[in-house]
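Step one of this worksheet: look at the structure below.
This one's a predicted model, so the numbers in the text were calculated from it and none came from an experiment.
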Amino acid sequence: MEPVRVTDFAEAKQRGRKLKMLTAYDHPTAQILDAAGVDAILVGDSLGMVVLGYEDTTRVTLEDVLHHTKAVARGARRALVIADMPFLSYHLGAYESVRAAGRLVQEGGCKAVKLEGGLEVLESVRAIRAAGIPVVGHLGYTPQSVHVFGGHRSQGRTLETARRIVQGALALQEAGVFALVLELVPHRLATWLTRRLEIPTIGIGSGPGCDGQVLVTQDMLGMFPGFNPRHVRKYQDLHGLCSEAVRQYVHDVESGAFPTEQHSFSLDEAVLEALEREV
């Protein structure tokens, strides 16, 4: 099949086809998502929590994202690979923003980058676009600003915050982003905004009215049993399945049920006889 391109996102919105995006941070997961038919794979800075064990995304570095983007890009043949620009990689001016985005494309192998924020990041968005790199915007709850929000909270529930999201979305569209992630935005606001934008919206916790959806793969596969956010549907209990498999392995090794000759390699008897004579 033909690889998904940036221009396919606009075409999907025009035709009313829902866009599907999931996160990946390694080669085998990228292969699975790619073969299953997602339109895009996001190498999210969520890797800070689900892979590296951090409390939030602010400790994720550009080198972290680069490392994981390389692995994902090697595994994706059809899906569009989008890399998150981590905290402080696009806040220090246009030059540093372009340099960081360029490394993600040139070294990491992604086809587009995503950054968080509205009016305050327009200079970086325009500079990255001018360098020929496609950009995805991100509004609503923006995880890199978790300390400003005081936790993981829905955004846009007051007139002031809703207006800020709308203004940011229109400005980002004008600046050239080809898609916009809306995270934890009230579904009526997300639907209203989606209808007024020319670019597609990708929702996470923002309701069915968006042009597409994205989830953290580890969340939808149930890798963390104690983590049950409202916006996630768990399609599998992978934590339970993996735990049972490991318990069975431990039991089999202890009991001698594994390994057996079936899992071993044979040796010609003459070789053993020759060794015994030599020793």
Side-chain angles (χ1 to χ4, degrees), residues 20-61 63-79 81-84 86 108-109 143 146 151-152 183 204-205 213-279:
K20 290 80 61 181
M21 183 189 299
L22 285 169
T23 62
Y25 319 99
D26 57 62
H27 183 265
T29 302
Q31 288 183 311
I32 292 170
L33 302 188
D34 195 65
V38 299
D39 296 293
I41 297 175
L42 174 64
V43 188
D45 58 3
S46 49
L47 73 90
M49 290 89 78
V50 301
V51 176
L52 302 178
Y54 296 147
E55 291 185 357
D56 55 56
T57 65
T58 60
R59 294 181 61 184
V60 176
T61 68
E63 297 305 322
D64 290 333
V65 179
L66 265 173
H67 175 81
H68 291 274
T69 300
K70 291 176 183 179
V72 169
R74 288 191 289 265
R77 292 292 175 266
R78 175 185 172 275
V81 176
I82 303 169
D84 251 340
V146 61
H152 308 288
E183 183 165 359
I204 174 168
Q213 297 294 325
V214 59
L215 282 175
V216 174
T217 297
Q218 281 80 353
D219 293 346
M220 57 88 70
L221 291 179
M223 288 292 290
F224 302 102
F227 184 64
N228 300 293
R230 181 175 180 175
H231 65 277
V232 173
R233 173 182 288 182
K234 292 189 177 182
Y235 287 82
Q236 187 55 268
D237 176 23
L238 211 56
H239 181 274
L241 291 173
C242 292
S243 296
E244 177 56 33
V246 173
R247 283 193 292 267
Q248 186 64 53
Y249 165 77
V250 170
H251 174 272
D252 288 353
V253 172
E254 289 179 345
S255 66
F258 175 83
T260 65
E261 289 189 8
Q262 175 185 345
H263 308 102
S264 308
F265 299 90
S266 61
L267 179 66
D268 193 303
E269 189 66 28
V271 175
L272 274 180
E273 292 175 356
L275 286 173
E276 289 180 350
R277 289 193 299 270
E278 291 178 6
V279 177

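Between the side chain of His67 and the backbone N or O of Asp64 there is no donor-acceptor pair closer than 3.5 Å. A donor-acceptor pair is defined here as one N or O able to donate and one able to accept, closer than 3.5 Å; no such pair exists between the side chain of Thr23 and the backbone of Leu42. Under the 3.5 Å distance criterion, the side-chain polar atoms of Asp34 are matched with a main-chain donor or acceptor of Arg77.
Going from atom NZ of Lys234 over to atom CG of Asp219 covers 7.5 Å, rounded to the nearest 0.5 Å. Distance CD/Gln248 to OG/Ser243: 13.0 Å, rounded to 0.5 Å. Interatomic distance, CZ of Arg74 versus CD of Gln31, reported as 11.0 Å (0.5 Å rounding). Note that CG of Leu52 is 10.0 Å distant from OG of Ser46, once rounded to the nearest 0.5 Å.
The 12-atom threshold is not exceeded at CZ of Arg233, counting heavy atoms of other residues, nucleotides or ligands nearer than 6.0 Å.
Here the shortest heavy-atom pairing between Thr29 and Ala24 reads CG2-CB, 3.9 Å. Scanning all heavy atoms of the two residues, the minimum distance from Gly44 to Asp84 falls at CA-OD2, 3.2 Å. Of all heavy-atom pairs spanning Met49 and Tyr54, the tightest one is CG-O, 3.3 Å. When all heavy atoms of Met21 and Ile82 are compared, the closest pair comes out as CE-CD1, 3.9 Å. The minimum heavy-atom distance linking Gly108 with Leu66 is given by the pair N-CD2, 3.7 Å. What you find for Ile41 and Ala30 is that their closest heavy atoms are CD1-O, 3.7 Å.
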CA sep, side-chain torsions, deciding dist, call: Leu22, Leu215, side chain to side chain contact (heavy atoms under 4.5 Å, CB included): CA-CA 5 Å; Leu22 285 169; Leu215 282 175; 3.9 Å; yes

Step-by-step side chain to side chain contact (heavy atoms under 4.5 Å, CB included) determination, Met223 to Val50: CA-CA 9 Å; Met223 288 292 290; Val50 301; over 6 Å; no

Side chain to side chain contact (heavy atoms under 4.5 Å, CB included) between Val216 and Tyr25, worked out: CA-CA 10 Å; Val216 174; Tyr25 319 99; 3.7 Å; yes

Side chain to side chain contact (heavy atoms under 4.5 Å, CB included) evaluation trace for Arg78 with Asp39: CA-CA 8 Å; Arg78 175 185 172 275; Asp39 296 293; 4.0 Å; yes

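Here the options are Asp45, Val51, Asp26, the test is side chain to side chain contact (heavy atoms under 4.5 Å, CB included), and the partner is His68; only Val51 passes.
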